[in-house]
Structures are given as structure tokens and as C-alpha cells.
Trainee: 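Next up is a structure, given as C-alpha cells.
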Amino acid sequence: MPHRYEPHGPLAATDDETERLHNTSRDMIPDSACILGIETSCDDTSAAVLEGGSQIRSNIVSSQISVHRPYGGVVPELASRHHLLSIGPVVEEALAKASVTWCDIAAVSVTQGPGLVGSLLVGVSVAKAIAYARRLPLVGVNHLEGHIRSNFLVEPAIRLPAVSLVVSGGHTSLYELAREGVYRRLARTRDDAAGEAFDKVAKLLGLGYPGGPVVDRLAAEGDPGAVPFPTVKMSDGSLDFSFSGLKSSAARFIQKEKLEAETPTTGPEEPPQVVRDLCASFQHAVVAALIERTLRAADEVGALAICVSGGVACNRKLRQRFAEEASTRGLLAHFPPPSLSTDNAAMIAAAGWLHLKRGETADLDLTADPDLEL
Amino acid sequence: MTSAIQPPGLKAGDYESTSPEQTEAFAERLGRDLRPGDRVELLGTLGSGKTTFVRGLARGLGLDPNSVHSPTFTRVHRYRGEITLVHADLYRVDSDSQYEELGLEAEEEASSVFVIEWGERLPPDSPPATLCIEIEITGDLTRKLRVSRGPTAPDR
């Protein structure tokens, strides 16, 4: 058996533990119990220990630790292979950092979808194996619900109803949160996600990957009014997003000004002012579209708070503009810190805790669903 | 002049589109002629309108075009209906083994219509496309749509 787990106690439950666990019904899980979260839906492998549904004891993301040292520091080419090699050390690190053993873990929560099926399967299989070996309740979580819950990890008492904008490389969706744990989708993107548009523009300019942080940095030194971008409106008045038009406008400008880089990373180290102006103008247009839709949604549902989550929630201009616009309307704007904005397992543990407390657990036949909707 | 361009079933040819709406309508009519097992490869640079084209295909297959969104990050989307449209994007796929990782199994391909953005990145041993559509940017809104038929393309 995987001896690497032994510092945290043997993985298999002893007879005594099994007896005790069988006598613990779901609603008897104490409010101070620890839940293990596992997230493998995209590029990063993550595991977290959450105590009492809100206290983050650990939140480990594979890119932060040298899990690849045993394999000569080589990052595997395939995402699923990367997860397979990382998941053991990442779970081990999550337990160690939280100073807990397997005996302290009361439930396992895992991302069921959406995502790449091979990547999701690694997390789901590991979670099922742990749940089986430890006789623990298992919870399957929607990745997007995880992002929404990241705001509640920072501020558990967010006023409802609220609107929640999940904005990342893979998703740009708006939800109404009428009551705790009830989500209604109000809008989604009809083409690119906002983070994807940032990345593609950065790639054309040769600014490297991921594109969001570098565009954010360069935009701070540019003029947001220098390059005109169209205002994105849906002809049917829908709240849905569209970013491919902004991306195409940026691509045409880059071509016209001959700013195209030969490869995604060979752009100039100190880009000229015109690149800074383009970044500022493009970012301004993306942020304006996100804010316009979110505020309109907040009006429509009578929201008292606005939540923003996902990797693009790290964007400084987005945070600043949302805070300003929300406060002029007497609304509260909530953002998670960067470590909880990008993909992480603490948010999956938080969402799992909510389901666990409602008695919504999965059987061991839980499967990954790459197209899971919220 | 923005008269609709008529695609002649699954036939090869060059077409001029004057707007994204016209491109989508062109793809919609093409979508009506697609059957499970068909593979459509889309080629064209960033911002040429590949996802817009897929919206049209979805509509033609009787699916909700608003469920279509870019699979660049997530790599594969499936829009389910009477015929399922599998929408793959190879923008972030750099090798043949990464392509295999997408898990696009043969049985799924046989029961679904399959559309692949950045089709130029497909492994050389992939099944031949039914249709290949190259989208060229000719102006802010105008596009040239070059439709070519694969060796196994049926006459419809």
C-alpha cells in the first residue's frame, strides 16, 4: 500500500475506526470536522484541508511545490499524466501542512466536472479510493460552484440575494444566488471566455503565458482611451457575454501596427508605449463589458452584493472598477485573494462541505462528467 | 450588398461572407446536411470566426447556438441533442499524444458530428475530414470561406 501516506497514519481504516464511522450518520458530522478537497479539472493538481467548512488548514497547488523532483524535474507533457504524478505528493502535503492525519478527515470532496475527462478522472478516482479505504462520505462538486464558494471562504456572511461572476480562462458566467447553495445561471459567454481573450492577445504580442498578469501590468502604464474598441452589446438584449469581437479588433490593430511576435514568447522585453496603450484599452473594454452585464444582472435580481471569482478576478483594474461601481450603488463587492481566485481545492472542499451538511453525498460509482453544467 | 451566400450541400467552393451573421447562416445551412460520423475541420487565424461558424453548425443540427462557446481551455465541448455536436479546439494541443488525451473515441465519432478548430494541428493518422473549411480574413467583417471535400465525403 502507498507507504508514503504513513506519516499521516495508515490509509486503511482500522476495525475500530470502521465501527465508529459506521455509527456516525451524515448529519452527525461535527461542525468542526475536517474535509479533504481535491481538484484536478484543468492544469493544476490541488488538495486542501478545510476545518469546519470555512477555516483553510492547507491549500496546496502543484505548481507551488516541487512535486516533480522525484521525476527529474520534468513536467509531464500530458495533463492527466501530470495529475497522476502530482496527486499523491499534493494530498500528502495538504495533510502535512494542515497537521492532520487520515483519522482527522471526516469526508472527501472532489471536482466532478466540467473539465478534461482524463484530468478529472485522476481526482475522482483518488477521492473514491480514499473514501472507500477510510469509509468516508464522498461528495462530487461542480467546479463552477467551487469558484462561487471561494467568496464565502473569505466572507461567510455575504448578503443574499447576490450575483456571482465566475470569470477565468475557461469560463465567463453570471449566477444569481437567491439563497445559500441555490444557483441560477443568468448569462454565459457565447464565444471566448474573458481570460482566454487576454491570453490570446498576449500570445499575439509575444508576451508569454498566462497573458492576464502581463496585460494587467502593462495596462497600468498605458492609455485606456488610446485604441478604440467596440462596445459589446447583444442584439437580443441578453446578459450573455461575447469577447471574440474584442479579440478580433485587437488582432487587427496588432497586424496594422506590425506588433505581431514571431512566437508566443518572443515579444520585446520592454514593449513600446503602443503595446501598453493597446493592453490598457483592451483591458478597459473587457472590464467594461463584465461590469455592465454584472450590474444589469444585479439590478434585475435586486442583488445586495456582487461576488467575483475565477482567475481573472486577480485583475487589478477589474477589482478597482467593480469596487467603485458597486459602492456608488450601495452594493458590496467581494473578491477572493489570488490564491483562492485561480483553481484550488479549498473552494472544492467548501462547496463539498455545503453538500455534506445537506446530506448530499455520492456513491462510489461517482464518475467524472466533462460537460457538467451549473 | 449582403445577399445570403448559398452553400450547395457538401460541395467544394469559395464563398465570400460580408458579416459574422452571414457566416453563421452559411454554416447553419451546411449543418442541416451533416450526419453522425461527419468530421468538419476549421482552419483560420485568431479572430477569423471559427466559433461563429460552429454556432451556425449547431443551429443547423437543431441545437441551441447559445450553448456554443470556445473550447480553447477546456479543449472539448459536447452539445447534446438528437445528433450530438462534439466541438474540439486544438489551440492548446501541441502534440499527437496530447490529442489522444482528449479522449475522442471512435465510437463517439461515429454517433456524433465532430467539428475541430485548428484542424491543422490534427495528428497525421487522424481519420480524413468530411469537409475542410478555411476561413480567411479579407476585411474587418468580410471573410473568404474555402470549402474543400475530403476523400470520403458523401454526395448530399
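Here is how names work: the chains are called A, B, and so on, in the same order as the sequence lines, proteins then strands, and each is numbered from 1.
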Trainee: What residue pairs, at least two apart or across chains, pass side chain to side chain donor-acceptor pair (under 3.5 Å) with a residue in residues 40-55 of chain B?
Mentor: B/Glu24-B/Arg55, B/Thr51-B/Glu117, B/Arg55-B/Asn66

Trainee: For B/Arg92 and A/Asp199: C-alpha separation, side-chain torsions, deciding distance, then whether salt bridge (Lys or Arg N to Asp or Glu O under 4.0 Å) applies.
Mentor: CA-CA 11 Å; B/Arg92 294 214 305 158; A/Asp199 276 332; over 6 Å; no

Trainee: Heavy-atom distance under 4.5 Å to chain B: side chain of A/Lys247, backbone, both or neither?
Mentor: side chain

Trainee: Select one option (side chain, backbone, both, neither) describing which atoms of B/Tyr91 are under 4.5 Å from chain A's heavy atoms.
Mentor: both

Trainee: Answer yes when A/Arg190 and B/Asp64 have at least one side-chain N-carboxylate O distance shorter than 4.0 Å, and no when they do not.
Mentor: no

Trainee: So how far is it from B/Asp140 CG to A/Ser248 OG, rounded to the nearest 0.5 Å?
Mentor: 9.5 Å

Trainee: Can you tell whether the side chains of B/Arg78 and A/Asp369 come within less than 4.0 Å, N to carboxylate O?
Mentor: no

Trainee: Considering only heavy atoms, which portion of A/Asp192 lies under 4.5 Å from any heavy atom of chain B: side chain, backbone, both, or neither?
Mentor: both

Trainee: Return the option, out of B/Gly47, B/Pro71, B/Pro20, B/Ser70, with the maximum number of heavy-atom pairs under 4.5 Å with chain A.
Mentor: B/Ser70

Trainee: Can you tell if the side chain of B/His77 reaches within under 4.5 Å of the side chain of A/Pro370, non-hydrogen atoms only?
Mentor: no

Trainee: With a 4.5 Å cut-off on side-chain heavy atoms, are B/His69 and A/Asp191 touching?
Mentor: no

Trainee: Is the closest side-chain heavy-atom distance between A/Lys203 and B/Leu46 below 4.5 Å?
Mentor: no

Trainee: By the ring-ring contact (aromatic ring centres under 6.0 Å, His included) test, which pairs, at least two apart or in different chains, include something from residues 133-156 of chain B?
Mentor: none

Trainee: Could you check which of A/Ser168, A/Gly195, A/Gly169 has the highest count of heavy-atom pairs closer than 4.5 Å to chain B?
Mentor: A/Gly169

Trainee: I want to check something: taking the side chain as every heavy atom from C-beta on, are A/His171 and B/Phe73 in contact at a cut-off of under 4.5 Å?
Mentor: no

Trainee: Hey, mind stepping through B/Ile137 and A/Gln255 against side chain to side chain contact (heavy atoms under 4.5 Å, CB included) and telling me if it holds?
Mentor: CA-CA 12 Å; B/Ile137 301 178; A/Gln255 202 176 23; 5.9 Å; no

Trainee: When only pairs under 4.5 Å are counted, which of B/Val54, B/Val68, B/Thr74 shares the most heavy-atom pairs with chain A?
Mentor: B/Val68

